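Working notes for the structure below.
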Amino acid sequence: MPKTNNVVIVAEQLQGDLQQITLELIGAARFLSEKLGTGVSCFLLGHEITPLAERLIHYGADEVIVIDDPQLREYATLTYRRAVIGILENLGTPPPIVLMGSTTIGRDLAPRIASYLETGLTADCTELDIGDYEHIGKADPAKTGTFKNILYAIRPSFGESLKARILGPWKNPQMATARIGVMQAIPINTSRKGAVHKLSVHFKQEDFRLRVLKTVRDVSATVNLTGAKVIVSGGFGLGGPEGFEAVKDLASAFKNSAVGASRRAVDSGWIGYAHQVGQTGKTVRPDIYIALGISGAIQHRVGMANSKVIIAVNKDADAPIFKFAHYGIVGDLYQVVPLLKKALIKITNKDMISHRIKGTVLFK
Amino acid sequence: MEGVALLKIIVFIKQVPDTSSKAGVNPDGTINRAQARRMLNPFDRYAIQKAIEIKRSVGAEVTCVTMGPPPAVEVLIETFEHGADYGILLTDKRLAASDTLATAYALHKVVHYLGDSDIILTGLQTTDGDTAQVGPQIAERLGLPQITYCEQLSITGRTLRARRVVEGGHQEVEVNLPVLITVANSATPLDYKRFADVAAVKEFMRHPEERDKRIKNVSLDTIGADPSRTGLVGSPTVVGKTWKLGEIGGSCVIFKGESIEREVEELIERLHTNGKGIEEFINA
């Protein structure tokens with residue numbers, strides 16, 4: 001029998017590929033479950049995906065509840081909704097916590113489940129923790145009480161430069177979605193063992209009102225912002241769409257790099273939304289983040305402030321980006337970028353020379 | 001269009017503080033809501049645009065609905081300039097501090113109050129709450145299918161086809177009306193035209209009897225909503241604590257050389273010798 005007091009995460013797979021967010025969520029769920037003294041359960045939905053159950057265990061799940069059904073091959077709101085509700089109702093007692101990713105799937109599904117269960121849901125969390133809470137309600141005296149070991153769902157309120165701790169201690173499951181690239185996955189351990197439970201789902205006719213005609217994975221449109229080691233981003237200071245040629249050119253000097261953009265550049269139609277970093281785009285934490293012509297408004301900052309090294313180039317010495325970048329050059333990016341690229345190429349040449357010397361193989 | 005019933009479209013919109021304006025924004029970035037300038041949630045423009053596109057292509061009656069204090073009527077008036085037909089302002093002190101679940105409860109009651117609708121549109125999310133939850137939560141209460149992150153749509157009879165964004169690609173979906181749709185900000189580039197005669201909108205707003213034909217103020221009692229399921233009392237979540245994000249860092253090394261060339265060289269030297277070394281990231 002599946003456990004009822006575990007921290008639950010709803011796994012995400014796209015055409016049989018486990019999504020990075022799922023591994024990150026397992027990491028977060030492990031942290032929470034250790035504080036609660038319970039374990040981690042994953043709900044895994046799809047078709048011909050049973051082999052993924054073992055991988056979820058290798059990444060830290062204690063048990064996996066699988067529904068393998070041809071109707072779940074493609075993600076669709078109503079069929080997945082039915083499956084998740086089915087598992088939760090099968091558990092009998094609601095689990096303490098249910099987590100999903102802030103992805104197009106998680107943000108589609110989680111509010112449906114929360115609304116069905118009439119329970120609280122906190123969106124886009126950047127930190128999750130366990131703690132106590134005392135509610136003294138003047139306006140809602142019936143809710144007054146002291147609550148132990150509840151979910152702290154912490155999220156920034158971007159528009160207001162605040163970070164808020166959201167609590168829903170009155171009802172389980174306490175639900176939250178977490179942003180991609182924020183929680184830490186734990187390293188894979190292929191000797192980890194866990195339980196796999198298979199369940200089936202009983203669909204209703206109304207679950208098929210929306211038909212998925214096709215799911216297209218558009219590799220060319222995919223921008224690997226979350227996986228890149230170096231991101232070169234352009235903002236409104238580029239002055240126009242052609243400015244992204246300079247951004248791409250600089251990015252091409254790096255291995256495993258990607259092109260990012262600020263919301264204003266995307267809203268101006270200079271580059272696709274898939275490149276957007278920040279509040280309404282992606283959260284990234286590359287080793288090197290180069291911001292070109294980006295002022296560094298809070299909306300952008302929250303998406304990239306955890307990058308290891310931030311380099312900013314901006315004409316405006318008072319731009320907020322210089323308050324949190326590590327290195328800055330105040331100047332015209334169109335002057336700086338070609339020089340920067342030239343200097344980078346020079347390093348590789350120098351390195352090749354020094355390696356040759358170290359290796360005592362000298363080519364003349 | 002004779003003999004064919006017009007599609008009924010409801011668009012949920014919200015008035016939010018304008019954080020790009022300096023008014024009402026404290027130096028630390030926090031908002032003084034009483035002083036802040038107000039604006040239509042930018043994401044809602046995409047939903048209004050989609051509604052008006054449908055109205056112009058297959059014919060529809062567009063009703064925009066907003067929940068908020070009395071000044072929120074401003075965003076309804078704005079939608080008239082773009083071609084919306086009617087506006088509903090749900091305003092009630094007992095709605096204060098509603099979380100997304102309580103908000104969706106109240107808004108689904110407005111849908112019942114308005115009678116049948118064919119398409120419900122919302123923006124992807126708001127810039128103040130930032131949750132993207134209310135749309136799907138309304139759909140759940142109404143038992144409707146939903147299409148979130150919708151980029152494109154077309155309607156033939158009672159069948160709606162749409163393209164929605166998913167990670168690393170998109171989905172093509174088809175549904176029979178009714179449906180709830182949240183419109184992605186990656187939708188067709190915003191062409192937020194004022195189709196209606198702005199002067200005419202201003203004119204009818206001056207005549208209370210004309211204005212009342214287009215805008216209706218409703219309370220929880222009007223829409224038959226249970227006040228114990230709204231506001232602080234009806235919300236399953238509460239904000240326990242907030243912190244200011246404030247300014248971070250302040251230790252930026254700004255290179256000031258005699259020339260840009262020298263500044264770039266200094267930057268590279270710093271990156272070259274520090275820590276891991278930038279050379280590991282460069283294409284050979």
Side-chain angles (χ1 to χ4, degrees), chain A residues 77-78 103-104 107-108 111-112 115-116 119-123 133 139-140 156 158-168 170-171 209-218 222 229-230 253-255 269 273 288 298 322-325 327-331 335-336 339-340 343-344 347-348 351, chain B residues 19 28-31 101 104 127-128 130-133 136-137 140-141 145-146 148-149 165-176 185-186 189 232-233 236-245 247-250 252-255 260-261 263-265 267-268 270 272 279 281-284:
Chain A
T77 316
L78 298 179
T103 59
T104 57
R107 286 175 128 208
D108 188 74
R112 297 280 318 212
S115 180
Y116 174 83
T119 195
L121 169 64
T122 305
Y133 174 61
D140 49 355
F158 304 106
E160 303 187 51
S161 301
L162 290 174
K163 203 157 81 166
R165 178 192 287 164
I166 314 289
L167 312 154
W170 299 282
K171 189 165 181 179
R209 281 176 291 173
L210 186 130
R211 299 168 289 283
V212 176
L213 306 176
K214 59 178 172 185
T215 301
V216 180
R217 292 188 86 172
D218 189 352
T222 305
K229 294 271 184 211
V230 179
F254 295 98
K255 292 184 273 194
Y273 170 71
I288 302 173
I298 183 79
F322 292 121
K323 294 211 173 86
F324 60 94
Y327 302 108
I329 291 180
V330 179
Q335 259 185 296
V336 174
L339 294 168
L340 202 52
L344 291 172
I347 296 184
T348 44
D351 267 18
Chain B
T19 49
D28 61 7
T30 55
I31 303 285
L101 193 92
T127 51
D128 61 346
D130 242 329
T131 70
Q133 287 176 182
Q137 286 178 327
E140 179 64 26
R141 295 246 182 227
Q146 71 190 30
T148 54
Y149 290 89
V165 188
V166 295
E167 271 73 24
H170 66 267
Q171 275 188 331
E172 306 269 351
V173 298
E174 188 181 84
V175 70
N176 293 339
N185 58 333
S186 57
L232 207 55
V233 188
T237 60
V238 65
V239 178
K241 187 181 170 188
T242 59
W243 306 262
K244 283 177 191 167
L245 282 175
E247 293 301 345
I248 52 169
C252 183
V253 177
I254 306 227
F255 298 97
I260 292 270
E261 283 83 355
E263 289 172 6
V264 170
E265 275 170 31
L267 167 67
I268 295 290
R270 261 318 243 285
H272 193 36
E279 62 280 2
F281 298 98
I282 304 170
N283 270 323

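In what follows, every chain begins at residue 1, and chains take the letters A, B, ... in the order their sequences are listed. Everything numeric in this text was worked out from a predicted model, so none of it was measured.
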Is it the side chain or the backbone of [X] that comes within 4.5 Å of chain B heavy atoms, both, or neither?
X      : answer
A:V212 : both
A:Y133 : side chain
A:I288 : side chain
A:L340 : both

Nearest heavy-atom neighbours spanning [X] and [Y]:
X      : Y      : value
A:D108 : B:P136 : O-CB, 4.1 Å
A:V330 : B:E263 : O-OE1, 4.1 Å
A:S115 : B:L101 : CA-CD1, 3.6 Å
A:Y327 : B:C252 : C-SG, 3.8 Å

Does any non-hydrogen side-chain atom of [Y] lie less than 4.5 Å from one of [X]?
X      : Y      : value
A:V336 : B:I260 : yes
A:R107 : B:T148 : no
B:P236 : A:K171 : no

So how far is it from [X] [atom1] to [Y] [atom2], rounded to the nearest 0.5 Å?
X      : Y      : atom1 : atom2 : answer
B:Q171 : A:R211 : CD    : CZ    : 13.5 Å
A:T77  : B:E140 : OG1   : CD    : 10.5 Å
A:K214 : B:E172 : NZ    : CD    : 5.0 Å
A:L344 : B:I282 : CG    : CD1   : 4.5 Å

Exercise. Output the option from A:T215, A:D140, A:L210 having the highest count of non-hydrogen pairs under 4.5 Å with chain B.
Key: A:L210
Exercise. Name the option with the most non-hydrogen atom pairs under 4.5 Å to chain B; the candidates are A:Q335, A:R112, A:R165.
Key: A:R112
Self-check item: chain A contacts, top residue of B:T237, B:V253, B:T242, B:V233 (heavy-atom pairs, under 4.5 Å)
Solution: B:V253
Quiz item: Counting heavy-atom pairs under 4.5 Å to chain A, which of B:E265, B:Q146, B:R141 comes out on top?
Solution: B:Q146
Quiz item: For A:T119, which residues count as a side chain to side chain donor-acceptor pair (under 3.5 Å) partner, sequence neighbours excluded?
Solution: none
Tell me, for [X] versus chain A, whether the close heavy atoms (under 4.5 Å) come from the side chain, the backbone, both or neither.
X      : answer
B:I254 : both
B:A104 : neither
B:F255 : both

Exercise. For B:E261, check side-chain contact (heavy atoms from CB on, under 4.5 Å) against everything at least two apart and list the hits.
Key: A:L339, B:S259
